[in-house]
Amino acid sequence: MIIDSHLHLDDRFDGTAMGAAQELNRQLEEADIVRGIVLQLETQPWSAEDVAEAISNFPRLCGFINVHPTGKNPERCLRDGVECLGYIGLKLHPRLQQFGVDDEQTIRLVRVAGEMSIPVLIDAFPDGTHLMQGFSPLKYAQLAMKCPETQIIWAHMGGHYVIDFMMLAKRLPNVYLDMSYSLLYYQASSIPKDMVYAMRSMKFKRIFYGSDYPDRPVASALEMSLQLLRIKGLSVEELSHVMGKNAQKFFLWDDL
Ligand SMILES: [Zn+2]
């Protein structure tokens, strides 16, 4: 059973949220992926309402709403997104949305998510832009520490900071990691070895699979990731946890 916990709609598919959701559902079905988390993005050409409506047609798809912590009434946006539009989590993208990970307003919004019992997925990929903005694993740790009631997913396992993120996650029981993008982006480097080391060190718990589609087609991202993890020595049992069981347990999807 495979769950993809990090997906976006492809805004280059046919220009509509509906078309993009249909195409994503088709690709997931073809790859035998039982459920996927669609991360809405403010930077995409559709509203949170458009995306919610599009994905509501496909039981395989669940959404996280992207809210700006320093925008207009972020708490209301989040509550409406969950209560009226059916989103099941909050997506934060500090690099694209340009806000501080450990700012007071970010902490406030992430605490609200905890009060609402919904998880927060926060981008943690240190590309050049993010590094120049002052990317630091410590800021992610501060946020998690100040919001102990909120389950936080550090997307992309912190990229090449993966060992730092792992060491911090061990001290922060409310933190989870997704392997999306980083595993394949760094495939020719030493990073995937460190990522697998981190997974093993965490006993393959609190780690989720994600493809970051449309970065790559759903099926090829899955095939390449599985192949890489098998080469790095993951057993069938270990794979079953990171590829699906951990996410199933996290999202309480007993129906799968
Ligand atoms: Zn992403």
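As the structure lists them, so they are numbered: ligands from 1, and atoms in each ligand from 1.
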For Asp254, check side-chain contact (heavy atoms from CB on, under 4.5 Å) against everything at least two apart and list the hits. none
Flag His156 as yes if one of its N/O/S atoms falls below 2.8 Å of the Zn ion (ligand 1), otherwise no. no
Has His93 got an N, O or S atom lying less than 2.8 Å from the Zn ion (ligand 1)? no
Pick from Ile55, Val218, Asp10, Asp4: which one makes a side chain to side chain contact (heavy atoms under 4.5 Å, CB included) with Leu24? Val218
Mind reading off the angle at the Zn ion (ligand 1) between the NE2 atom of His6 and the OD1 atom of Asp212, rounded to 10°? 90°
Electrostatic pair Arg79:Glu115 at N-O distance under 4.0 angstrom: yes
Working to the nearest 0.5 Å, report the span between CG of Leu92 and CD of Gln97. 6.5 Å
